[in-house]
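What follows is a short report on a single structure.
Side-chain atoms are counted along with the backbone in the values below, which use heavy atoms only and exclude waters and symmetry mates. The chains referred to below are lettered A, B, ... by the order of the sequence lines, with proteins before strands, and numbering in each begins at 1. All figures in this text were calculated on a predicted structure; none of them were measured in a lab.
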Amino acid sequence: MPSKYFTSKLVKFLAVIAICLLFVFLNPAGIFNSLRNVFFTLSYPFQKTFYIGSRKVNETINFFGSIAELREENIKLLKENNYLVAQIAELKNEKKENALLREQLSVIPRKEYELEACLVIGQDPQKSGSWLMIDKGQNKGIEVGMPVIVSDGILVGKISEVYESASRVVLLTDSGSLVNALDLETSSKGVVKGEYGLGLLMDMVAQTDALNEGDTIVTSGLDGSMPKGLHIGKIQEVKISTDRLFQQALVIPQVKYSKLDVVFIIK
Amino acid sequence: MFQKIVISFIVFFSAIVQVSVFPPLFPERAVPEAMLVLVIFWTIREGFEKSLLRTILTGLTMDVIGSGVVGVHIISMVIISFFISFLAKRYLVLDRFWRVLVAIIIVAVSLIMYIAVEMFLSKLIGYLNGLENSPGFYFVLDYFFIWKLIFTVVLFTVLYGPLKRIELIISAYNQRILNQNRVFSRR
């Protein structure tokens, strides 16, 4: 090849690409962890302040945008409130009955989780539904693999990286996420995996098992790393896998990950 | 030195804005790319070679703040910078109207390339690691992407002025230091 093509610009370009490709494909484990640690230690106060500030701005904008809908929503909420009050009364009665039955059958009380409340301080800007940054890390005893939920026992993901004062949560919708799951209504078992940050797919469900639209999917706790019974979502559509060996179901997550500001880690 | 500090600050805070300020404010998957805007600005103003270190720093910061393998964003940013310098040299004409239009087209094409390169590398890494469910080219040209494009172009036009002013301040400062050094050396 003539040397005129090898300009210094092209040489620099190729050199940088080659070095980076080496990094990408050799993928030296943990080589940049200390750099990430320093970066998150420095950025933590700014990230926290900026995230809370922008959430407040977003809420204010949404508030002004939704004033017209508030009246309608108020009526709807009042109706819902009345219904919930009636349901609470019913559930209180059932709780008493449940405790009595547990006592009679000598069943130990349901385990209560030790929770660590965390603020969300960052999100993946490119692929929403991939990861979140939270404001607790090694200093609060957070470890890789711990499940992350929202207040009402809805699973959102698990801890993937831990730094001194921050951690990264890989969300259920991330393409690398995999959780053992169970259909609450039919007890069909399978695995729930992320669909490129867009949704969830329950896979590996035997053809003989039943899956219905609208069924609730919870964690099965089979792998031991995740407690049993954490809410994942509801089935939107049932289909057969491409190899026709298993059933699959599109699962709609219960929460909008982009709207999260507080999450809880199960320790 | 002053220039390096200022640029490091700009990159650092842009990364924080990109990860912590934009996601709650913009619709899902339509978050503008502040870091890409920086690379485009520097390449248009300085050319590929002069802005190479800044481009690498921007890519590295995105890699560090993100969850993926370090190197992916550097490659994406360097490829885009190379491509922009190629386009800018040939198509950025002096006429103000056409210059703005061409700059906007460059931003739009760069964004498409940036996402495509990043997706391709993520897919390749996933494939090499035996990850069957690795991300694909799913939302490259959907409804959200159009919004992302619009927001990024708007961000570029909004940031162009302030970034140019910062650059002028830096060069004025450098000039002053240079003059002071000359005076001292004469004495």
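Both the backbone and the side chain of A:L21 come within less than 4.5 Å of a heavy atom of chain B. Of the two parts of B:I56, only the side chain, counted from C-beta on, holds a non-hydrogen atom closer than 4.5 Å to a non-hydrogen atom of chain A. With a threshold of 4.5 angstrom between heavy atoms, A:I121 approaches chain B through N, CA, C or O but not through any side-chain atom. Heavy atoms of B:F26 lying under 4.5 Å from chain A are absent altogether. For A:E161, the part lying near chain B is the side chain, with the backbone staying farther off; criterion is any non-hydrogen pair under 4.5 Å. For B:I75, the parts sitting under 4.5 Å from any heavy atom of chain A are the backbone and the side chain alike. Using a 4.5 Å cut-off between heavy atoms, A:L42 touches chain B through backbone and side chain atoms alike. When heavy atoms are compared at a cutoff of 4.5 Å, B:F22 does not approach chain A at all. Neither the backbone nor the side chain of A:T49 comes within contact range of chain B; no heavy atom of the residue lies under 4.5 Å from a heavy atom of that chain.
Two residues are said to be in side-chain contact when any heavy atoms from C-beta on lie closer than 4.5 Å; A:F23 and B:V72 fail this criterion. For the pair A:L10/B:F82, a side-chain contact is recorded, criterion being any heavy-atom separation below 4.5 Å from C-beta on. Considering only heavy atoms from C-beta on, B:V19 comes within 4.5 Å of A:W131 through its side chain. Within the 4.5 Å cutoff, side-chain heavy atoms of A:F50 are placed close to those of B:V21.
With chain A as partner, the option from B:I65, B:L52, B:L25 having the largest number of non-hydrogen pairs under 4.5 angstrom is B:I65.
Of all the heavy atoms in B:I74 and A:C20, the pair that sits closest is CG2-SG, 3.4 Å. A:F46 and B:I16 make their closest contact through CB-CD1, 3.7 Å (heavy atoms, listed as atom of the first residue, atom of the second, distance). Smallest separation of non-hydrogen atoms from A:R168 and B:G66: NH2-O, 2.9 Å. In this structure, A:K9 and B:F86 approach most closely via the heavy-atom pair NZ-N, 4.3 Å. Taking each heavy atom of B:S20 and A:G122 in turn, the nearest pair found is OG-CA, 3.8 Å. Taking every heavy atom of both residues into account, A:R36 and B:D63 meet most closely at NH2-O, 2.8 Å.
In this structure, CZ in A:F39 is found 9.5 Å from CG in B:L60, a value given to the nearest 0.5 Å.
In the displayed structure, A:K140 atom NZ is contacted under 6.0 Å by at most 12 heavy atoms of other residues, nucleotides or ligands. Annotation: A:M204, atom CE; neighbour count of heavy atoms from other residues, nucleotides and ligands within 6.0 Å does not exceed 12.
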